[in-house]
2 protein chains.
Amino acid sequence: MPEVKLDNLDRRILAALQRDGRLSNVQLSEEVGLSPSPCLRRVRLLEQSGIIRGYHAELDRGGVGLGLTVFVGIKVGQHDDEVDSAFRDAVADLPEVVSCYLLSGESDFLLQVVVPDLPAYERFLRGTLLKLPGITDIRSNFAISTVKRETGLSLAHLPGAAG
Amino acid sequence: MPEVKLDNLDRRILAALQRDGRLSNVQLSEEVGLSPSPCLRRVRLLEQSGIIRGYHAELDRGGVGLGLTVFVGIKVGQHDDEVDSAFRDAVADLPEVVSCYLLSGESDFLLQVVVPDLPAYERFLRGTLLKLPGITDIRSNFAISTVKRETGLSLAHLPGAAG
DNA sequence: TCATCATTGGCATTATATGCCAACACATAA
DNA sequence: TTATGTGTTGGCATATAATGCCAATGATGA
């Protein structure tokens, strides 16, 4: 990614588009205090530089029938490349897996899994997760409630942000 | 939320808008095989019903200087309402905390924390997290690499989805 | 077959995006 | 202080898109 340094105008644009990704350029320009044309130019630069990776609709999980979130810690036996990449490839193809990180510490991988309900999770666990290659331990942690879920990143508290 | 039943057209609209939240209505209508006006009407209904919660720009974390993701398991002493809600309120105000779930099992709360780097996390841990009320244990798991991060939910595999 | 209801497609109007060019602001050097 | 160069801005004209309205179409049930 090309190095880009963001000024306050850029940060305000990013904050606004994280909050509402469908703001019209006219609205956005008013919000950040520019006229439409330079505002649009900055947005295009942020897009081309890769700072803005895309725009996405956020759905209500319950509303589309995906009410249960489970965090799954998974240990794999040994980290030989073959088993490891087989596991990664498998995970990438599972629609129920929303995110997967390789972690230091406790478990090897942390998966966020989204399914309709508990029976669906049991099916997914038995029918899919437990059959993945190289796994030695699986620990399921059910989300009882969502205390906080941000769709965006806070830029205001970063070093370099003035005001 | 009003009960809404989604047909295949709705699901295709949702899939398209999750992938690209700034699709023009004309493009969207072509993609799902409708003319612009009924397509727009369906989108508005999905928005009003709450199925679509919003639209957001996705930023590159590294690009905005937030390269380190940490999953933090936190145990609180006892779940009396006062300590509990004090903790929740505190967490909600922390810009570094991207998400926080109340979990069954291992830890009480799971936080996803995003910071620039390891020194910044140390400052955040010492200066903020460890000072939160009622905490008895904190376990930090650093994301070494991101195996998968989806911005949207897969609807194709849900019961009721045809084709 | 016919009636009813919901959904669709096309059109006209209003609003928005986007490319172009001249003017402005800031930094550097004389 | 003045001159010069570089980058950014604002406004205008044109192309594109959004949106409301109405007649037409298709599905459902009697």
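Because only heavy atoms are used, hydrogens play no part in the values below, and waters and symmetry mates are left out as well, while side chains stay in. What you are looking at is a predicted structure, and each value in this text was computed from that prediction instead of being measured. Letters A, B, ... are given to chains in the order of the sequence lines, protein chains preceding strands, and every chain is numbered from 1.
The nearest whole Å value for the distance from the CG atom in A:N8 to the P atom in D:dT8 is 16 Å.
Among the nucleotides C:dG9, D:dG11, C:dT7, the one closest to the side chain of B:R42 is C:dT7. Comparing C:dA17, C:dT7, D:dG20 by their nearest atom to the side chain of A:L40 picks out C:dA17. If you check C:dA17, C:dG10, D:dG10 against the side chain of B:S35, the one that comes closest is C:dG10. Taking the side chain of A:S24 as heavy atoms from C-beta on, and the options C:dA17, C:dG10, D:dG10, the nearest nucleotide is C:dA17.
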Enumerate, atom names and distances included, each donor-acceptor pair closer than 3.5 Å involving a side-chain atom of residues 124-133 of chain B, sequence neighbours excluded.
from: B:R126; atom 1: NE; to: B:E122; atom 2: OE2; distance (Å): 2.8
from: B:R126; atom 1: NH2; to: B:E122; atom 2: OE2; distance (Å): 3.0

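Between B:D137 and B:R139 a salt bridge is recorded (basic side-chain N to carboxylate O distance below 4.0 Å). No salt bridge links A:R11 with A:D7; every basic N to acidic carboxylate O contact stays at or beyond 4.0 Å.
In this view, B:D20 satisfies the side chain to side chain donor-acceptor pair (under 3.5 Å) rule with no residue, not counting sequence neighbours.
Side chain to side chain, B:E47 and B:Y55 meet the donor-acceptor criterion of an N or O pair below 3.5 Å. Between the side chains of A:E58 and B:H56, at least one donor N or O sits under 3.5 Å from an acceptor N or O.
Nearest-nucleotide positions on DNA chain C for B:L9 and B:R22 put B:L9 closer to the 5' end.
For the contact set between residues 25-32 of chain B and DNA chain D, defined by any heavy atom under 4.0 Å, the members are B:N25, B:V26.
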